[in-house]
Number of protein chains: 2
Amino acid sequence: MQAGYKQFCPVAMASEVLCTRWTIVLLRELVAGSNRFNDLRRGVPRMSPALLSRRLKELEAAGVLERRGNGKAHAEYHLTKAGQDLRGVVEAIGVWGQRWVEADLSLDNLDASLLMWDMRRSLNVDPLPDRRSVIEFHYEDQPTSRRSWWLIVEADGHVDLCSVDPGFEVDLFATTDLRTMTSIWMGLSKVKAERQSKTLHLEGDTGLAKHMQTWLGLSPFAVEKKKV
Amino acid sequence: MQAGYKQFCPVAMASEVLCTRWTIVLLRELVAGSNRFNDLRRGVPRMSPALLSRRLKELEAAGVLERRGNGKAHAEYHLTKAGQDLRGVVEAIGVWGQRWVEADLSLDNLDASLLMWDMRRSLNVDPLPDRRSVIEFHYEDQPTSRRSWWLIVEADGHVDLCSVDPGFEVDLFATTDLRTMTSIWMGLSKVKAERQSKTLHLEGDTGLAKHMQTWLGLSPFAVEKKKV
DNA sequence: CGGGATCCGTAAAGATACTG
DNA sequence: CAGTATCTTTACGGATCCCG
């Protein structure tokens, strides 16, 4: 780790721990509930595994998280109390970003895999029927390998994400482009408006289609309004 | 700046702006009210002027601050609305630091110049008499050049800081070591206790001495309790 | 397959000196 | 006062490889 700021101020001391590259984004994943190395990687796909490994060690040394499991196998990373208390910091940064970062700048960084991984996490399963529901997303602007995605909501509320056809009967097809879906998920536009402007097309179960804005949980920051 | 995180998430977008080295500490200075290049330098003395200059340009490009003054001379940096809204982020980080960073770790980073500069800023002038008050601090453990400091509170409430004897009559002498004074200012110990344990010695105006804990404004984070 | 470590090229930051 | 210029050191990115 670099030499530090040499300031007794708590802002500086905390920044030594928090304000290194990737650290806050990684903490967002931990706060959101990911615990395994490869789950964390899915949330920070552009971070090298070497740096991820190093950051995890640094955060453990700083008392932010705890590594469970003695061997290499099945290690889990869990936030300590100090780590859980970082939720406020991550939220403050996210709220500021949602308020002040130009939407167009955010929407220049589209990533289907990341969007689906996030959507899986915050799906609101309550309004869904008491049986398995399968929703297929089709992003027509994406290369083949990232074009089709399946969200599978089991009867017990567990949500799975697939990028290869799981073979189940699909209850709802959503055909759109990645920018539109990301925009909806970030709270920048609405399902209804995108359907009307034909940028989002839904086919299948009409009940599921009608309540998409409800069961599709949005980004935790979607409620925050843009400022100028 | 390097390529960025390539994530649409507002936490990641904001982190690209905020979580680079020195940036949060610099923003603390701006939020605290410094506007001039060399005033900012006093708050971040270990940051090279080259990096300070670069960060100021980056923050201007990000819409966080605005540079006023067309030529080089007398330039001022002022937070925009987006920048002022970062106060919440800086506070969240500082509160976390005060709660969770070991006090001993903070107190390994003593800096007399920085402490006095901060104390000058948050002095509570209301309980002071309606004439000029001069308080001399003497840190016996410091090298000669950083040993003696004068805080001069003018009748109108304006506070000046000197590291060379300004020649005024001194109303109160405080003799202590830097760690003790820093600890008091961070809210980790009290004037009364340090006087009783003889680590802080006050001489001069007894009224001024008696109310030191009151007129000595503490760090903005001093009210936050340490956690375990 | 999960959980890393290693190596090397590039990019950022530190130190110090200097200038319009 | 408000910055540049230059050189060295450190951190990061990306690919590859390893091991239980």
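Residue numbers begin at 1 in each chain, while the letters A, B, ... track the order of the sequences. Worth knowing before you read on, the calculation uses all heavy atoms, side chains too, and leaves out hydrogens, waters and symmetry mates.
Rounded to a whole Å, the CZ atom of B:R21 is 13 Å from the C1' atom of C:dA15. Atom-to-atom, CD of B:E58 to C1' of C:dA12 comes out at 10 Å; the value is rounded to the nearest Å. Atom CE of B:M47 and atom C1' of C:dA12 are 12 Å apart (whole Å). Going from atom CG of B:L52 over to atom P of C:dG14 covers 12 Å, rounded to whole Å. What separates CZ of A:R46 from C1' of D:dC12 is a distance of 14 Å, to the nearest Å. Taking atom CZ of residue B:R42 and atom C1' of nucleotide D:dA2, one finds them 16 Å apart after rounding to whole Å. Taking atom CZ of B:R55 as the reference point, atom P of D:dG3 lies 16 Å away to the nearest angstrom. The CG atom of B:L26 sits 13 Å away from the P atom of C:dA13 (whole-angstrom rounding).
For residues 153-165 of chain B, the set of pairs meeting the salt bridge (charged side-chain N to carboxylate O under 4.0 Å, His left out) definition, not counting sequence neighbours, comprises B:R132-B:E154. Contacts classified as salt bridge (charged side-chain N to carboxylate O under 4.0 Å, His left out) and involving residues 24-38 of chain A (residues at least two apart or in different chains) are given here: A:E29-A:R121. Residue pairs meeting the ring-ring contact (aromatic ring centres under 6.0 Å, His included) criterion with at least one member in residues 4-56 of chain A, sequence neighbours excluded: A:Y5-B:W22, A:W22-B:Y5.
Side chain to side chain, A:R147 and A:Y139 fail the donor-acceptor criterion of an N or O pair below 3.5 Å.
Under the 6.0 Å distance and 45° angle rule, A:R120 counts as a cation-pi partner of A:W117.
Listed by chain and number, the residues in a side-chain contact (heavy atoms from CB on, under 4.5 Å) with B:E140 are B:H138, B:T175 (sequence neighbours excluded).
Bending across the helix from C:dC1-D:dG20 to C:dG20-D:dC1, expressed as the angle between its end axes from five pairs apiece, amounts to 40° (10° rounding).
The pair B:R99-B:E224 meets the salt-bridge criterion, with a side-chain N (NZ, NE, NH1 or NH2) lying under 4.0 Å from an Asp/Glu carboxylate O. B:K57 has no carboxylate O lying under 4.0 Å from a charged side-chain N of B:E60, or vice versa, which leaves the two without a salt bridge.
For B:W22 and C:dA12, the shortest distance from a side-chain N or O to OP1 or OP2 is not below 4.0 Å.
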- With the sugar-phosphate defined as primed atoms, P, OP1 and OP2, and the base as all remaining atoms, what B/S/- string results for nucleotides 3-9 of chain C, 5' to 3', for protein heavy atoms under 4.0 Å? BSSB---
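Side chain of B:K226 to backbone of B:V101: a donor-acceptor contact under 3.5 angstrom is found.
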